[in-house]
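Proteins come first, then strands; the chains are lettered A, B, ... in the order of their sequence lines, and each starts at number 1. All of these numbers come straight from a predicted model, not from anything done at the bench.
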Number of protein chains: 2
Amino acid sequence: MAFDVLDILKRNNLSVTDSRKKILEIFQQAGGALDHADIEKKTGDSFDRVTIYRTLQTFEAKGIIHTIPTIDNSILYALCKEECSQGNHRDNHIHFICDNCNTTYCLNHIPQSVVQLPEGFTEKRTDIIVSGICNKCK
Amino acid sequence: MAFDVLDILKRNNLSVTDSRKKILEIFQQAGGALDHADIEKKTGDSFDRVTIYRTLQTFEAKGIIHTIPTIDNSILYALCKEECSQGNHRDNHIHFICDNCNTTYCLNHIPQSVVQLPEGFTEKRTDIIVSGICNKCK
DNA sequence: ATAATAAATGCAATTATGTTGCAAAAAATA
DNA sequence: TATTTTTTGCAACATAATTGCATTTATTAT
């Protein structure tokens with residue numbers, strides 16, 4: 001566990017700091033997606049709010065985490081799978097958000113160009129967000 | 001035009017007020033999706049910010065407008081099509097957001113249950129957001 | 001048409017959310 | 001271990017969103 005976290009930071013040429021280690025661990029334990037407020041809750045007052053914002057920004061820029069669109073005004077982040085490389089790590093994810101427990105699942109299913117766009121439209125990224133009830137809440 | 005707007009309000013048992021009429025007209029003229037800030041710009045200082053927030057909430061509750069997930073932290077709203085009834089007015093929309101001009105298009109294409117969910121997961125709503133370049137910006 | 005009732009609005013205050021500059025602290029490098 | 005580079009925390013600031021309440025406006029019943 002601790003090894004994984006160190007490894008991720010080193011692979012991405014990031015300084016190893018307490019906040020970065022802690023936030024990565026939180027993502028690993030959570031499994032699903034988290035927003036800034038979730039992380040702030042889980043870190044208590046160990047770190048400044050600003051540090052959390054900046055850490056999330058750094059991780060996203062490096063492709064360690066990716067954002068998930070939401071219907072409310074929060075920004076959800078989730079750990080990228082191994083396969084997600086710099087360029088395409090945002091593409092082809094399907095996310096499931098449980099209406100009951102609010103957990104976000106990253107489904108690894110890759111949609112085969114589902115959408116038929118009108119003439120003149122070019123697709124760059126497609127996000128599919130499914131909401132409903134998850135297997136734990138049913 | 002003015003008739004449409006009145007009609008919508010009456011069909012939904014809403015009091016006819018200046019702000020509600022104006023905001024509906026703005027949506028009709030815009031065609032695409034708008035967030036709170038867009039509407040505030042277009043109304044100038046005719047109405048208080050709070051009134052705009054409350055009007056959007058009311059419209060969403062009535063199924064007159066629906067929200068669209070976004071990757072930034074804005075809440076986008078768009079007029080529902082006629083066919084969208086109370087219960088399902090959020091389902092089966094595909095939205096296209098242009099990376100260049102930022103316009104949001106409501107595509108009427110209805111996906112035929114694209115996603116294969118794992119056992120125990122129940123789908124209630126599916127949002128598909130495609131981003132890229134629109135036909136005007138290409 | 002007018003009075004009574006109900007609903008919506010505007011204002012002020014409050015809370016939440018996000019950003020920036022800079023000095024101090026910590027990490028990486030030589 | 002000393003030097004350089006990077007990250008952090010603090011303070012200030014900016015924006016976004018919510019709530020309660022008095023006033024205004026719209027609806028309704030007479």
| field | Over all atoms of both residues, closest heavy-atom pair of B:His95 and B:Cys106 | value |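 Between these two residues, the closest heavy atoms are NE2-SG, 3.1 Å.
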| message | Looking at every non-hydrogen atom in both residues, tell me the closest pair between B:His66 and B:Leu79 and how far apart they are. | response |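 Here B:His66 and B:Leu79 meet closest at CE1-O, 3.5 Å.
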| query | Of all residues at least two apart in sequence or in a different chain, which pass the side chain to side chain donor-acceptor pair (under 3.5 Å) check with B:Ser15? | reply |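 B:Ser15 satisfies side chain to side chain donor-acceptor pair (under 3.5 Å) with no other residue.
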| query | Nearest to the side chain of A:Asp48, which nucleotide is it out of D:dT27, D:dA16, D:dC10? | reply |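 Comparing D:dT27, D:dA16, D:dC10 against the side chain of A:Asp48, the answer is D:dC10.
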| Closest to the B:Tyr53 side chain: D:dA16, D:dA26, D:dT8? |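 Nearest to the side chain of B:Tyr53 among the choices is D:dA16.
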| task | Rounded to 10°, tell me the angle between the two end axes of the helix from C:dA1-D:dT30 to C:dA30-D:dT1, each built from five pairs. | result |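 One end axis against the other gives 40°.
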Taking only residues two or more places apart in sequence or in another chain, which ones pass side-chain contact (heavy atoms from CB on, under 4.5 Å) with [X]?
| X | answer |
| --- | --- |
| B:Thr58 | B:Leu14, B:Arg20 |
| A:Asp38 | A:Leu34, A:Asp35, A:Lys41 |
| A:Thr103 | A:Cys101, A:Tyr105 |

Could you run down the sub-3.5 Å N/O contacts of the protein with nucleotides 19-22 of chain D?
none

| Members of residues 32-46 of chain B that approach DNA chain D, where some heavy atom sits under 4.0 Å away |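 Nothing qualifies; none.
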Report, one pair per line, the protein and nucleotides 28-30 of chain D atoms (nitrogen or oxygen only) whose separation is under 3.5 Å.
none

| said: So, using salt bridge (Lys or Arg N to Asp or Glu O under 4.0 Å) as the criterion, who are the partners of B:Arg49 when residues are at least two apart? | reply: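 With sequence neighbours excluded, B:Arg49 shows a salt bridge (Lys or Arg N to Asp or Glu O under 4.0 Å) to B:Glu40, given in chain and number order.
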| message | For chain B and DNA chain C, what are the first and last nucleotides along the strand, 5' to 3', with at least one atom under 4.0 angstrom from a heavy atom of the protein chain? | response |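 With heavy atoms of chain B under 4.0 Å away, the range is C:dA7 to C:dG18.
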| query | Rounded to whole angstrom units, what separation is found between the CD1 atom of A:Ile52 and the P atom of D:dC10? | reply |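 Spelled out: CD1 on A:Ile52 to P on D:dC10 is 12 Å.
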| Residue pairs, two or more places apart or on separate chains, that pass side chain to side chain donor-acceptor pair (under 3.5 Å) and touch residues 129-138 of chain B |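 The answer is none; no pair qualifies.
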| said: I want to confirm an ordering. Mapping B:Phe47 and A:Ser74 to their closest nucleotides on DNA chain C, which one lands closer to the 5' end? | reply: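 Closest to the 5' end, via its nearest nucleotide, is B:Phe47.
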| Which residues share a ring pair (Phe, Tyr, Trp, His ring centres under 6.0 Å) with A:Tyr77, sequence neighbours left out |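 Result, ring pair (Phe, Tyr, Trp, His ring centres under 6.0 Å) vs A:Tyr77: none returned.
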| request: Output yes when a side-chain donor or acceptor of B:Thr43 lies under 3.5 Å from a complementary backbone atom of B:Phe47, and no otherwise. | output: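 Side chain of B:Thr43 to backbone of B:Phe47, a donor-acceptor pair under 3.5 Å: no, none is there.
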| query | So, the side chain of A:His36 versus the backbone of A:Ile75: is there a donor-acceptor pair under 3.5 Å, distance only? | reply |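 No.
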| request: Using a strict 4.0 Å threshold on nitrogen-to-oxygen distance, state whether A:Lys22 and A:Asp18 make a salt bridge. | output: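 No.
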| said: Less than 4.0 angstrom between a side-chain N/O of B:Ser15 and OP1 or OP2 of D:dT25, yes or no? | reply: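 No, B:Ser15 has no side-chain N/O under 4.0 Å of OP1/OP2 on D:dT25.
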| request: Return yes when atom CG of B:Asp45 has more than 12 non-hydrogen atoms of other residues, nucleotides or ligands closer than 6.0 Å, and no otherwise. | output: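 No, CG of B:Asp45 has 12 or fewer neighbouring heavy atoms, counting only those of other groups under 6.0 Å.
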